[in-house]
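One structure is given below, encoded as structure tokens.
Quick note on labels: first sequence line is chain A, next is B, and so on, each numbered from 1.
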2 protein chains.
Amino acid sequence: MAFSKNEAFTDTDQQLALWAKALSHPARIAILRELAQRNACICGELVANLPLSQATVSQHLKVLKEAGLIDGEIDGPRICYCIDWPALKEMENALILLFNQIKPCC
Amino acid sequence: MAFSKNEAFTDTDQQLALWAKALSHPARIAILRELAQRNACICGELVANLPLSQATVSQHLKVLKEAGLIDGEIDGPRICYCIDWPALKEMENALILLFNQIKPCC
DNA sequence: ATTGTATATCGTAAATATACGATTAAACAA
DNA sequence: TTGTTTAATCGTATATTTACGATATACAAT
């Protein structure tokens, strides 16, 4: 884009778009699934279970972290990732609210 | 990306990612809102109500159409857009299913 | 201190997304 | 036919995303 015009939209819609962008790659959805299943998970396990390099997985983790959906905690030489449940719930609520607003009206 | 590795992921997660990508720009969320409010809407009205050029709005409409979320129907010299409600419901269900899978487990 | 392990970051290449002006195409009216 | 209106598409510039090898960093263990 020449430059982004996002500031012209409502905060709500900008936040929704950011969350949706965090979910817009199957690797990141797979990561969230796996973190939920295992409750928490060191980075290496995610790398082992994804068809992507360590660097790429780390990059996807960064995107999820920047979207606020996961947290990473140092555990010795490793990083233990887990889902930020309050944030995930917030995203879920916002999306459900959006779907309630986007309903057949008249 | 050097090239996308999406085919390595499940169809479900690929589809979820595509839907999320369709929602990953505030203009497209705003378009869906407005289409839902008005039930249907000619392209020109959307252009008038968005801080974006006609070409850019048309591009966002194309993204939503390619994601299957909206339909466009010729109405004289105009195009009347409306939400594809079954598709939107399908997306909503898939996301809710995802949220049910991504829950605190143990 | 040195070594080993785990992860982040850097550098880079290619693909995709965003935005807009200009042009084209389609539908209608005169 | 000609002109008008509406929307799509083209061309283009810039930004962002995706991917990976290489390197740096942080910690643990010896």
Side-chain angles (χ1 to χ4, degrees), chain A residues 1-9 13-14 17-31 34-35 40-67 69-82, chain B residues 1-9 13-14 17-31 34-35 40-67 69-82:
Chain A
M1 51 195 127
F3 87 114
S4 170
K5 288 200 157 180
N6 284 5
E7 66 287 342
F9 298 96
D13 285 358
Q14 285 183 61
L18 287 177
W19 278 325
K21 189 177 283 192
L23 298 181
S24 74
H25 194 288
R28 293 195 288 270
I29 293 179
I31 288 171
E34 190 161 344
L35 287 181
C41 199
I42 62 167
C43 176
E45 292 177 303
L46 295 167
V47 172
N49 287 303
L50 287 170
L52 297 170
S53 75
Q54 181 264 320
T56 302
V57 172
S58 202
Q59 212 171 310
H60 283 302
L61 287 168
K62 191 180 182 185
V63 172
L64 289 170
K65 201 157 42 173
E66 283 174 351
L69 297 178
I70 66 174
D71 295 311
E73 181 181 320
I74 296 172
D75 169 25
R78 316 153 197 222
I79 312 283
C80 184
Y81 281 101
C82 62
Chain B
M1 53 197 126
F3 88 115
S4 170
K5 288 200 155 178
N6 283 5
E7 66 288 341
F9 298 95
D13 286 358
Q14 285 183 60
L18 288 176
W19 278 325
K21 189 177 282 190
L23 297 181
S24 74
H25 194 289
R28 293 196 287 269
I29 293 179
I31 288 171
E34 190 159 345
L35 287 182
C41 200
I42 61 167
C43 176
E45 292 177 302
L46 294 166
V47 173
N49 287 303
L50 289 169
L52 298 170
S53 74
Q54 181 264 319
T56 302
V57 172
S58 203
Q59 214 170 309
H60 283 302
L61 288 167
K62 191 180 182 185
V63 172
L64 289 170
K65 201 158 41 172
E66 282 174 350
L69 297 178
I70 65 173
D71 295 310
E73 182 182 319
I74 297 172
D75 169 25
R78 314 152 198 223
I79 313 284
C80 184
Y81 281 100
C82 61

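The side-chain contact (heavy atoms from CB on, under 4.5 Å) test applied to A/T56 returns A/L52, A/S53, A/H60, not counting sequence neighbours. Residues passing the side-chain hydrogen bond (donor to acceptor under 3.5 Å, both in side chains) test with A/D75: none are found, sequence neighbours excluded. For A/D71, there are no salt bridge (Lys or Arg N to Asp or Glu O under 4.0 Å) partners at least two apart in sequence or on another chain. The side-chain contact (heavy atoms from CB on, under 4.5 Å) test applied to A/E73 returns no partner, not counting sequence neighbours.
As a whole-Å value, the separation of A/F9 CZ from C/dA19 C1' is 11 Å. Computed from coordinates, the B/I31 CD1 to C/dA19 P distance equals 10 Å when rounded to whole Å. Distance CD1 (B/I74) to P (C/dA25): 15 Å, rounded to an integer number of Å.
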Quiz item: Taking protein heavy atoms under 4.0 Å as touching, what does nucleotides 6-11 of chain D look like 5' to 3' if B marks base contact, S marks sugar-phosphate-only contact and - marks none?
Solution: SBBB--
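Phosphate proximity of C/dA19 to B/H60: present, with a side-chain N or O under 4.0 Å from OP1 or OP2. Phosphate contact (OP1/OP2 of C/dT16, side-chain N/O of B/K21, threshold under 4.0 Å): absent.
Residue pairs meeting the salt bridge (Lys or Arg N to Asp or Glu O under 4.0 Å) criterion with at least one member in residues 42-52 of chain B, sequence neighbours excluded: B/R38-B/E45.
Looking only at distances, a side-chain donor or acceptor of B/Q14 sits under 3.5 Å from a matching main-chain atom of B/F9.
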